[in-house]
Engineer: 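My structure is below; once you've seen it, I'll send some questions.
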Amino acid sequence: MFLTDSIMELKGVGEQTIKKFNKIGIETIEDLVEHYPREYEDRRQIAKISETVMDEDNNIVATVTSKPEIMKKGYKIIVKFRVKDETGSIYIVFYGQPYMKNNFVVGDTYNFYGKIRRQYGRIEMESPEYEKLEQGTSQKTAKIIPIYPTTQKLSQKVIRQLIEQALSLALPEIEDPLPEDFRTKYDLKSKNFALTNIHFPSQDEAFFEARKRLVFEELFFLQLSLFVLKSDFLARTKGRSKKLPESFKDFLAGLPFEFTGAQKRVMNEIAKDLKSEYAGNRLVQGDVGSGKTVIAAASLFIAIKNGYQGALMAPTEVLAKQHFEFLEQVFNQFDIKVALLTGSTTAKEKRGILAELATGEIDLVVGTHALIEDNVEIPKLGLVITDEQHRFGVRQRLKLSEKGETPDVIVMTATPIPRTLALILYGDMDISIIDELPPGRQPIKTNAVDSSYHARIYQFIDKHIREGRQCYIICPMVEENEKQSELKSVTEYAAYLKEQVFPHFEIGILHGKMKPKEKNKVMEAFAKGEIHILVSTTVVEVGVNVPNATVMMIENAERFGLAQLHQLRGRVGRGKHQSYCVLVSDSKNKVTKKRLKIMEESTDGFVIADTDLKLRGPGDFFGTKQHGLPEMKIANLYTDAKVLKVAQQAASELLRQDPDLSHPLHQGLKEKLLDYTDGEQMHKAL
Ligand SMILES: Nc1ncnc2c1ncn2[C@@H]1O[C@H](COP(=O)(O)OP(=O)(O)OP(=O)(O)O)[C@@H](O)[C@H]1O
């Protein structure tokens with residue numbers, strides 16, 4: 001059996017089970033054996049019946065002494081029988097599983113694992129897991145039992161048995177991608193050993209060794225892929241130097257403000273990239289409201305005045321439009337032609353734009369995903385900027401840059417990834433950080449309260465709107481299958497506010513189900529001040545810039561990740577007025593309270609990210625897949641930092657010795673690398 005085979009090849013897997021596995025992302029044998037346990041239960045100790053602990057899970061070995069009987073208790077069917085060991089006896093009880101009656105024979109010995117309770121004066125073990133023991137083999141079952149992540153009503157037993165089966169069939173076929181001398185050098189166990197012992201560790205030490213090997217492998221391939229991409233990028237991209245144009249001074253003079261120190265520093269770093277004969281590949285990280293957009297504008301200005309075209313790709317139409325309007329306004333006097341290309345551009349407009357892009361008449365195109373469509377030609381593309389890269393995969397980024405010959409690439413993000421982590425995750429890019437806010441900003445005052453404060457918050461909002469400000473009210477993030485209720489909660493809440501609380505104000509609604517055109521219209525009205533209160537889901541999360549909005553209330557704040565709360569909160573505090581954020585949550589959970597407290601205490605995205613990371617670990621911090629960080633199967637980017645360092649060194653050393661991985665001993669490595677990255681780009685690079 002091969003790792004690439006479908007799990008259908010396994011024995012005893014019905015269609016329903018396959019569907020359930022598919023739902024948790026498991027399709028092949030490889031997916032299955034890489035479905036690692038989330039924790040383990042130590043069942044190595046077997047308790048005597050006289051030593052069992054009430055109301056806890058106990059692990060016993062006992063012999064059946066009475067024939068299983070079926071009984072009825074109300075609506076419930078119960079199967080019940082007695083078992084004993086040399087110290088005492090208890091009842092075993094199964095609820096609602098009448099067929100259990102036939103599974104047990106008097107005189108046979110079993111290993112039972114389950115909770116023990118006192119019921120009507122009798123001691124019972126309820127619906128235990130069990131395994132029949134052959135005579136004299138009691139120690140065989142004394143094991144460390146894996147517990148798997150599961151959501152689709154797949155029982156632990158089914159997962160466990162299938163993984164056991166898959167391992168026994170597939171292990172002989174597995175070739176270790178890490179060559180032997182490499183494993184010796186870094187003190188790593190074989191892949192076979194690791195897979196066996198991560199699922200069914202024979203002892204603690206074996207588990208640690210197994211985990212170490214798998215964590216190393218995962219981080220090693222992450223690093224290797226980033227290194228290969230980076231060196232490929234450097235090798236491919238010679239020869240398009242862009243100098244500071246004379247008119248750059250006029251551009252800066254035309255801005256309504258001066259750059260902050262941090263903006264100047266980052267601008268210098270970018271200018272160096274642009275000037276260099278190698279194309280730059282730079283991540284610009286800046287906290288919310290730190291002024292990234294104007295850095296993008298200045299960079300585009302330089303490229304365009306050197307005779308190139310520029311492209312700016314944003315994750316949403318609302319943002320693309322906002323950027324377009326800003327850029328059109330600042331470039332207006334410099335004879336730079338800007339176009340907006342999104343999903344809602346009409347076919348006719350689009351034809352015109354595509355034609356003028358192809359001839360180079362349009363200097364700068366701002367847009368969404370629409371920019372990477374194949375029919376968009378930007379022959380003189382010299383600078384690509386993507387905003388909020390987490391919404392775009394690396395591949396989409398590359399696809400846009402491939403439209404030009406060797407454009408410089410800048411990625412802007414407000415996600416406060418701690419520097420240590422950023423260095424690793426963006427190993428293929430240089431990093432600049434805007435770590436200073438424009439002058440005159442007052443820190444946003446944040447309060448976490450429970451819902452008994454609603455009346456007071458509404459009064460507070462009322463007062464601020466009367467003073468001429470505006471307000472956001474955010475309703476919780478909604479899971480995919482709850483789309484309907486997203487609509488409901490936002491529209492219903494807005495209707496309630498309009499009728500009961502703020503009949504005298506204009507209230508706007510924004511949610512994910514609206515057409516981009518409708519969203520744009522609402523955002524425009526809000527930006528113009530025609531809407532006083534915007535009731536919205538997280539669609540306003542990134543980039544929206546309405547400096548007159550000064551109050552944000554976030555309902556069910558416990559449902560958001562801290563990074564997301566920080567992003568959301570960053571929609572206020574963007575102008576000269578004091579701004580406020582109220583986090584409403586009735587959660588009594590201690591960790592939740594601590595997390596909301598961090599929001600009260602700090603407005604620094606990096607501090608928040610770091611604290612949250614310590615509190616919850618990176619998986620939780622980045623929350624969902626939408627942030628696009630590489631998803632780790634086993635490694636924890638934070639706690640496995642040491643292994644990560646070693647993996648990084650190992651990857652760089654390997655590439656120094658064998659840059660294109662052509663050595664026969666490295667074929668397994670190369671294959672795995674192509675697999676890891678889905679091939680396409682990596683094939684080119686190697
Ligand atoms: N040096 C500066 N001095 C004063 N105001 C500035 C400066 N730089 C930018 N701004 C203003 O600060 C606001 C935020 O800037 P911008 O929209 O570029 O932030 P951002 O970094 O993109 O934030 P976010 O990630 O939250 O969208 C804008 O209104 C912008 O005009």
Side-chain angles (χ1 to χ4, degrees), residues 251-268 270 282-301 312-331 366 385-392 410-417 422 431-444 469-470 472 474 523 526-529 536 538-550 552 562-577 579 581 603-606 608-609 627:
F251 169 80
L252 292 181
L255 293 175
F257 45 73
E258 265 201 42
F259 275 2
T260 61
Q263 281 171 321
K264 279 185 198 153
R265 179 170 39 76
V266 171
M267 202 55 234
N268 276 333
I270 293 174
R282 186 170 291 277
L283 177 73
V284 175
Q285 252 188 307
D287 210 342
V288 286
S290 60
K292 293 183 287 297
T293 315
V294 71
I295 295 286
S299 314
L300 287 163
F301 184 87
L312 175 65
M313 184 156 75
T316 64
E317 282 209 11
V318 165
L319 270 191
K321 188 142 195 284
Q322 184 179 293
H323 286 323
F324 168 74
E325 278 161 7
F326 170 71
L327 290 167
E328 203 181 32
Q329 186 210 325
V330 293
F331 287 161
V366 181
I385 302 186
T386 55
D387 181 11
E388 265 304 319
Q389 91 140 15
H390 295 128
R391 308 278 162 131
F392 299 116
I410 298 174
V411 173
M412 306 224 155
T413 178
T415 304
I417 309 157
I431 299 180
S432 293
I433 301 183
I434 312 180
D435 51 6
E436 180 183 350
L437 291 181
R441 295 268 177 86
Q442 304 170 52
I444 303 162
R469 305 285 82 76
Q470 287 161 281
Y472 293 99
I474 309 296
M523 269 325 295
F526 189 62
K528 278 193 205 143
S536 169
T538 54
V539 279
V540 293
E541 186 186 342
V542 278
V544 167
N545 189 41
V546 181
N548 191 46
T550 56
M552 171 171 282
L562 282 201
Q564 202 176 16
L565 283 177
H566 180 65
Q567 268 288 334
L568 281 166
R569 178 171 64 179
R571 297 315 105 212
V572 296
R574 300 176 80 86
K576 54 185 189 300
H577 300 287
S579 290
C581 176
T603 48
D604 181 329
F606 289 91
I608 292 173
H627 284 292

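When a ligand or atom number is given, it counts from 1 through the structure's own listing order.
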Engineer: Of Arg282, Arg265, Gln285, which is the lone residue that meets side-chain hydrogen bond (donor to acceptor under 3.5 Å, both in side chains) with Ser432?
Structural biologist: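 Single pass found, and it is Arg282.
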Engineer: Please state which option from Arg441, Arg574, Met412 has its nearest heavy atom closest to atom 11 (C) of ligand 1.
Structural biologist: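 Nearest option to atom 11 (C) of ligand 1, by heavy atoms: Arg441.
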Engineer: Look at ligand 1 and say whether Lys264 reaches it with a heavy atom at a distance under 4.0 Å.
Structural biologist: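 Per 4.0 Å heavy-atom rule, Lys264 does not contact ligand 1.
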Engineer: Do the side chains of Ile295 and Gln263 get nearer than 4.5 Å, heavy atoms only?
Structural biologist: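 Side-chain contact under 4.5 Å: yes.
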Engineer: Who are the side-chain contact (heavy atoms from CB on, under 4.5 Å) partners of Leu255, not counting sequence neighbours?
Structural biologist: Phe251, Leu252, Phe259, Val294, Val330
Engineer: Take every heavy atom of Glu258, measure it against each atom of ligand 1, and state whether any distance is under 4.0 Å.
Structural biologist: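 Yes; Glu258 lies near enough to ligand 1 that a heavy-atom distance drops under 4.0 Å.
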Engineer: With the side chain counted from C-beta on, respond yes when Val288 and Arg571 share a heavy-atom pair under 4.5 Å apart, and no when they do not.
Structural biologist: yes
Engineer: Against heavy atoms of Thr293, which atoms of ligand 1 measure under 4.0 Å?
Structural biologist: 16 (P), 17 (O), 18 (O), 22 (O)
Engineer: Less than 4.5 Å apart, side chain to side chain, heavy atoms only: is that true for Arg569 and Ile608?
Structural biologist: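 Result yes, sub-4.5 Å side-chain heavy-atom pair found.
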Engineer: Does some side-chain heavy atom of Lys292 sit less than 4.5 Å from a side-chain heavy atom of Thr413?
Structural biologist: no
Engineer: Determine, using heavy atoms of Arg571 and all atoms of ligand 1, whether some pair is separated by less than 4.0 Å.
Structural biologist: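 Contact present.
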Engineer: Please work out whether any backbone atom (N, CA, C, O) or any side-chain heavy atom from C-beta onward of Val288 is under 4.0 Å from ligand 1, and answer side chain, backbone, both or neither.
Structural biologist: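 The part of Val288 near ligand 1 is both the backbone and the side chain.
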Engineer: Does ligand 1 come near enough to Gly289 that some N or O of the ligand is less than 3.5 Å from an N or O of the residue?
Structural biologist: yes
Engineer: Around atom CD of Glu258, are there more than 12 heavy atoms of other residues, nucleotides or ligands at under 6.0 Å?
Structural biologist: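 No - once you tally the heavy atoms of other residues, nucleotides and ligands closer than 6.0 Å, there are 12 at most.
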Engineer: What do you reckon, does Ser290 put a non-hydrogen atom under 4.0 Å from ligand 1?
Structural biologist: yes
Engineer: Counting N and O atoms only, with roles assigned by atom type, does the side chain of Gln442 sit under 3.5 Å from a partner on the main chain of Lys576, one being a donor and the other an acceptor?
Structural biologist: yes
Engineer: For ligand 1, which atoms, with element, lie under 4.0 Å from some heavy atom of Thr260?
Structural biologist: 1 (N)
Engineer: List every atom of ligand 1 that sits less than 4.0 Å from any heavy atom of Ala414, numbering the atoms from 1 in the order shown and giving each element.
Structural biologist: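 Counting from 1, the qualifying ligand atoms are 25 (O).
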Engineer: What do you reckon, does Gly291 have a nitrogen or oxygen under 3.5 Å from a nitrogen or oxygen of ligand 1?
Structural biologist: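 By distance alone, the answer is yes.
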